[in-house]
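First comes the structure, then the notes that go with it.
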Amino acid sequence: MEKDSIAVGLDIGTTKIVAMIGKENEYGKLEILGVGKSKSLGVARGVVNNITQTIQSIQQAVQEAEADSDYKINDVVVGIAGQHIRSIQHSDYISRSNPEEVIGEEDIDLLIDQVHKLAMLPGEEIIHVLPQEFKIDGQTEIKEPIGMYGGRLEASFHVVVGQASSIRNVGRCIKSADLDLSGLTLEPLASADAVLSQEEKEAGVALIDIGGGTTDLAIFKDGIIRHTAVIPFGGNVITEDIKEGCSIIEKQAELLKVKFGSAWPGENKDNEIVSIPGLRGREPKEISLKNLSKIIHARVVEIVEQVFAEIKGYGHEDPRKKLIAGIVLTGGGSQLKHVKQLVEYITGMDTRIGYPNEHLAGDSDEEISSPLYATAVGLVMNSIRNNTKSATPLVEFQKIVEEPVQPAFEAVEENIVEEELEEVAAATEVNEERESTEKRVKRSFFDKYIDKIKDFLDNAE
């Protein structure tokens, strides 16, 4: 990647929006330069439902990240999630005109483009086409076909699909917040990049990202993504249950969950009670911690069982599909006390909490190493892979803004005839046209790819 390329990830969650600026250091680790966080208003279960509020929240997070880092953010890689996301398995093939030539990158691109043309349900759009395994002239289990000979190139794909309107709404929010969109990534894939090791992906692992509005699942086996799913429940539903069950306000319910909550009711004794201040001079309310844990336990069991049903649907009981590395929990919900033990109890699979610190530079802030920031760290890593220069140092940006505009040509005597002026204008126009043609020729493949996304966001029906 280019030296000093600055990458930016934007995690638009249901409870919080995080803008993270980072770059790769000389050891290949991620150095975080700035983080901005704002309360997410206008997003429910991973889907934008209020454009104005979402724009304000994005701008607040971006401004905070800029102030924290002394960089001006130009474009962002955004995570996409929500209950509208689904995934399908699909196989496709191409017949090559010259089997005597080795298979190249363009053959793979042709095959992927073909999958992008798949007919979807009305209003749906393909987000990712992820090749899994290739076949060449009937020879199976080929991981890397480039450089091989063959006439028929076949592949199985993991295709991630989402609602076009939801994707467009996210794009509209980014644009209205004066940012450019440099890429879209499925959030469970971003979280997986941040918290899973290559060994775990090879052995077989299920990543469960428990967010505020949704719980995302990504299953890997033999180093390849095998299954993704988004379950429309997260930490907010637990807070809602506490609010209803204890007859308290949402703010108090969230605090109770974070400070005293446990997913395992057996931990609390019957006489453990916490007192909550009453509203506007009313009597304080006493809440039994055992009851609190019972409420949390019931909802967490429901979420974990839904995720486990997806894991069973993938077929993890088949010896060839066995998830040897078990389960990795990440996201804000994974910080709930005893949730790891409950997941192990329900699924019977080894479980650990996933922290994004493996890919972070040694001197990183402890807060960024929290599972809360796993998706944001993964999005920055994704932006680095795109080789984008997503932010400019503020000093440079101010120079550009403050630079006086040079006049197109020197002031001329008043008696110059109009024809001469017209000639100068025509010559300038020709030069501008030539320059813009040269710029067009120099545009890289990646620019064209981003334009496709932008066109889609602007014009997709």
Side-chain angles (χ1 to χ4, degrees), residues 9-19 37-58 60-61 78-87 127 160-163 165-171 173-174 184-192 194 207-218 228-244 250-251 253-258 261 263 295-296 298-307 310 329-336 339 354 370-376 378-379:
L10 184 70
D11 174 17
I12 303 176
T14 306
T15 46
K16 67 180 187 328
I17 289 178
V18 178
K37 192 170 87 169
S38 67
K39 188 169 170 52
S40 180
L41 304 166
V43 181
R45 292 190 174 170
V47 179
V48 174
N49 63 4
N50 185 318
I51 296 272
T52 313
Q53 286 185 328
T54 307
I55 293 164
Q56 286 168 356
S57 297
I58 289 171
Q60 193 183 328
V78 178
I80 196 108
Q83 62 202 67
H84 60 94
I85 301 287
R86 68 185 183 95
S87 62
I127 301 169
V160 180
V161 181
Q163 283 291 339
S165 57
S166 295
I167 300 165
R168 275 214 312 282
N169 287 340
V170 169
C173 292
I174 302 299
L184 278 171
T185 300
L186 187 64
E187 290 200 348
L189 295 182
S191 305
L207 175 84
I208 303 172
D209 183 346
I210 309 169
T214 58
T215 298
D216 305 335
L217 170 72
T228 48
V230 178
I231 284 109
F233 298 114
N236 284 7
V237 198
I238 301 169
T239 306
E240 195 65 31
D241 284 357
I242 297 168
K243 183 180 118 178
E244 299 296 327
E250 195 171 327
K251 196 177 174 184
E254 182 64 29
L255 276 170
L256 264 183
K257 180 182 79 175
V258 172
I295 293 168
I296 294 170
R299 184 57 87 173
V300 176
V301 166
E302 189 185 345
I303 292 169
V304 174
E305 280 177 348
Q306 283 206 38
V307 175
E310 290 281 350
L329 293 173
T330 194
S334 68
Q335 295 179 296
L336 188 63
V339 73
S370 154
L372 271 169
Y373 292 100
T375 305
L379 291 169

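For the single chain, residues carry numbers from 1 onward in sequence order. The structure presented is a predicted model; accordingly, all values stated were derived computationally and were not measured.
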Do V258 and E254 touch side chain to side chain, with heavy atoms closer than 4.5 Å?
yes
If you round to the nearest 0.5 Å, how far is [atom2] of [Y] from [atom1] of [X]?
| X | Y | atom1 | atom2 | value |
| --- | --- | --- | --- | --- |
| L379 | L10 | CG | CG | 8.0 Å |
| I85 | I80 | CD1 | CD1 | 6.0 Å |
| N49 | T54 | CG | OG1 | 7.0 Å |

Non-hydrogen atoms of [X] and [Y] that approach each other most closely:
| X | Y | answer |
| --- | --- | --- |
| Q83 | T214 | N-CG2, 4.5 Å |
| G332 | L372 | CA-CD2, 3.6 Å |
| Q53 | G42 | OE1-N, 3.6 Å |
| V18 | A376 | CG1-CB, 3.8 Å |
| A194 | A374 | CB-O, 3.2 Å |
| H84 | S166 | NE2-CB, 3.5 Å |

Consider only side-chain N and O atoms of S40 and T14, and report whether a donor and an acceptor are under 3.5 Å apart.
no
Criterion side-chain hydrogen bond (donor to acceptor under 3.5 Å, both in side chains) against D209, the qualifying member of T330, T215, T375
T375
